Amino acid sequence: MTYISLPEKKEHQLTFYLAMEEYVARHLDIDEAFFLWQVEPTVIFGRNQLIENEVNLDYCREHGIATYRRKSGGGCVYADKGNVMLSYITKDENVTLTFNHYINLLVLTLFRMGIEAKATGRNDVLIEGRKVSGNAFYHIPGKSIVHGTLLYDTNMRHMEASITPSHAKLESKGVDSVRQHIALLKDHTTMSLEEVKHHVRQTLCDKELTLGEDDIRRIEEIEKGYLTEEFILGSNPRYTLLKRGRIEGVGDMEVRLQVKGGIIRKADILGDFFLVGDIEEGILAHLRGTPLTQEALSKALPSDLGNIILHLHADELIRIIFNQL
């Protein structure tokens with residue numbers, strides 16, 4: 001695997017590294033690429049999440065915590081200099097195989113540190129039942145990107161106060177608070193954070209590529225898209241119906257429908273699920289113009305929506321719409 005380095009040690013905001021992933025995926029012909037990065041306190045929320053549902057914006061403003069959206073699905077994450085962010089880019093386009101391969105590499109890396117870690121759920125790596133790494137995925141033509149966290153000594157006060165997980169999500173994990181759900185590497189190894197970073201890099205990578213100044217300029221051009229208000233805040237048109245539910249193995253979902261004369265005119269689906277296909281063509285287009293009845297929706301929607309939202313079936317989505325979950 002090739003480690004991607006920057007030409008100089010300079011701090012960047014989170015959006016630069018998201019753009020760097022995208023640049024590597026779109027413009028470098030590398031089978032497997034990887035890099036580590038760190039940022040000042042930042043909350044990053046998923047592509048299909050509504051910021052006011054997931055982030056305590058008042059707390060973030062008061063404590064100087066930045067907030068940005070990423071292009072992958074999944075849930076809301078807090079990052080700071082006490083943890084490490086991981087980026088993995090591969091030519092493998094199979095979602096399940098890519099995720100499993102990467103997560104297993106991460107588990108192996110921790111095992112070689114003397115830590116018994118396990119992969120579980122959709123995207124987590126656990127130590128003694130608590131999450132030490134959460135990861136998310138997104139796909140571009142010809143490439144897949146997996147990125148996530150590796151918690152070392154994160155500011156737990158900021159993490160708990162800046163993000164607002166649903167009660168259903170916490171209950172599904174058998175905990176009452178974010179802190180109960182989190183493991184920190186400092187409690188399981190004598191390695192310093194810098195030693196952990198070195199170990200991860202040496203374990204996973206056997207080659208290195210240093211980007212040039214032209215690469216940096218092109219990354220900064222991509223980054224501009226992540227900084228627009230439209231991308232960060234999203235568009236929130238008025239909807240007449242709002243339904244929420246949690247599907248085990250899929251995630252929290254919020255279905256928003258505009259209904260006139262019993263017909264769905266507009267639709268949107270928000271949540272921390274993993275989007276692996278085109279939600280517009282694969283789901284929303286099927287909802288629009290369909291009568292708001294279980295029978296009509298069953299006929300309009302493909303039965304298996306797992307190629308759009310990972311592990312989702314149409315009957316589960318319909319049960320959310322009709323408050324049957």
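Bear in mind the structure is a predicted one, so any value in this text is a computation, not a measurement.
- Under the side chain to side chain donor-acceptor pair (under 3.5 Å) criterion, Asp29 pairs with Lys91, not counting sequence neighbours.
- Ion pairing of Glu11 with Lys81 is present here, as a side-chain N (NZ or NE/NH1/NH2) and a carboxylate O approach within less than 4.0 Å.
- Aromatic ring orientation, Phe137 versus His139: parallel (interplanar angle below 30°, classes split at 30° and 60°).
- Salt-bridge annotation for Arg157 and Glu160: absent, with no side-chain N of the basic residue lying under 4.0 Å from a carboxylate O of the acidic one.
- Comment: Arg217 does not engage Glu213 in a salt bridge, judged by the lack of any side-chain N to carboxylate O separation of less than 4.0 angstrom.
- Less than 6.0 angstrom separates the ring centroid of Phe99 from the ring centroid of Phe274.
- Note that CD1 of Ile103 is 9.5 Å distant from CG of Leu105, once rounded to the nearest 0.5 Å.
- Residues satisfying the ring-ring contact (aromatic ring centres under 6.0 Å, His included) criterion with Tyr3, sequence neighbours excluded, are absent altogether.
- For His12, the ring-ring contact (aromatic ring centres under 6.0 Å, His included) criterion is met by Phe16, Tyr17, not counting sequence neighbours.
- Counting only residues at least two apart or in different chains, ring-ring contact (aromatic ring centres under 6.0 Å, His included) contacts with residues 201-227 comprise Tyr226-Phe231.
- Side chain to side chain, Thr240 and Gln258 fail the donor-acceptor criterion of an N or O pair below 3.5 Å.
- Summarising the geometry of Val107 relative to Ala119, their closest heavy-atom pair is CG2-N, 3.9 Å, with the distance given to 0.1 Å.
- Within the 4.5 Å cutoff, the side chain of Ile219 has heavy atoms near those of the Leu211 side chain.
- Of the possible polar contacts, none joining the Thr149 side chain to the Ser133 backbone as a donor-acceptor pair under 3.5 Å is found.
- Using a cut-off of 4.0 Å between Lys/Arg side-chain N and Asp/Glu carboxylate O, Asp268 and Arg256 are scored as not salt-bridged.
- A side-chain donor from one of Ser72 and His147 sits under 3.5 Å from a side-chain acceptor of the other.
- Pairs passing the side-chain hydrogen bond (donor to acceptor under 3.5 Å, both in side chains) check and including a residue from residues 99-114, sequence neighbours excluded, read Glu32-His101.
- For the pair Arg26 and Glu21, the salt-bridge criterion is not met [side-chain N within less than 4.0 Å of a carboxylate O].
- In this structure, CD1 in Ile222 is found 11.0 Å from CG in Leu18, a value given to the nearest 0.5 Å.
- Within the 4.5 Å cutoff, the side chain of Tyr78 has heavy atoms near those of the Pro41 side chain.
- Inspection of the Gln13 and Glu40 side chains reveals no N or O donor paired with an N or O acceptor under 3.5 Å.
- In this structure the side chain of Cys60 reaches within 4.5 angstrom of the side chain of Val55, judged on heavy atoms.
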Requested in this report: Give the C-alpha distance, both sets of side-chain angles, the deciding distance and a yes or no for side-chain hydrogen bond (donor to acceptor under 3.5 Å, both in side chains) between Gln49 and Asp272.
Outcome: CA-CA 6 Å; Gln49 292 188 297; Asp272 65 355; 5.2 Å; no
Requested in this report: Run the numbers on Glu230 and Thr228 for side-chain hydrogen bond (donor to acceptor under 3.5 Å, both in side chains), then give the verdict.
Outcome: CA-CA 5 Å; Glu230 180 183 7; Thr228 65; 5.3 Å; no
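- Within the 3.5 Å criterion, the main-chain N or O of Ala25 finds a donor-acceptor partner in the side chain of Lys143.
- Considering Leu193, Leu36, Leu185, Asn83 as possible partners of Leu150, the one that fulfils the side-chain contact (heavy atoms from CB on, under 4.5 Å) test is Leu185.
- Salt-bridge annotation for Lys197 and Glu194: present, with a side-chain N of the basic residue lying under 4.0 Å from a carboxylate O of the acidic one.
- With a 4.5 Å cut-off on side-chain heavy atoms, Leu106 and Tyr88 do not count as touching.
- Using a 4.0 Å cut-off between charged nitrogen and carboxylate oxygen, Glu280 and Arg288 count as a salt-bridge pair.
- For the pair Ile182/Met159, a side-chain contact is recorded, criterion being any heavy-atom separation below 4.5 Å from C-beta on.
- Listed by first and then second residue, the ring-ring contact (aromatic ring centres under 6.0 Å, His included) pairs that reach into residues 46-73 are Tyr59-His63, Tyr59-His158, His63-His158, sequence neighbours excluded.
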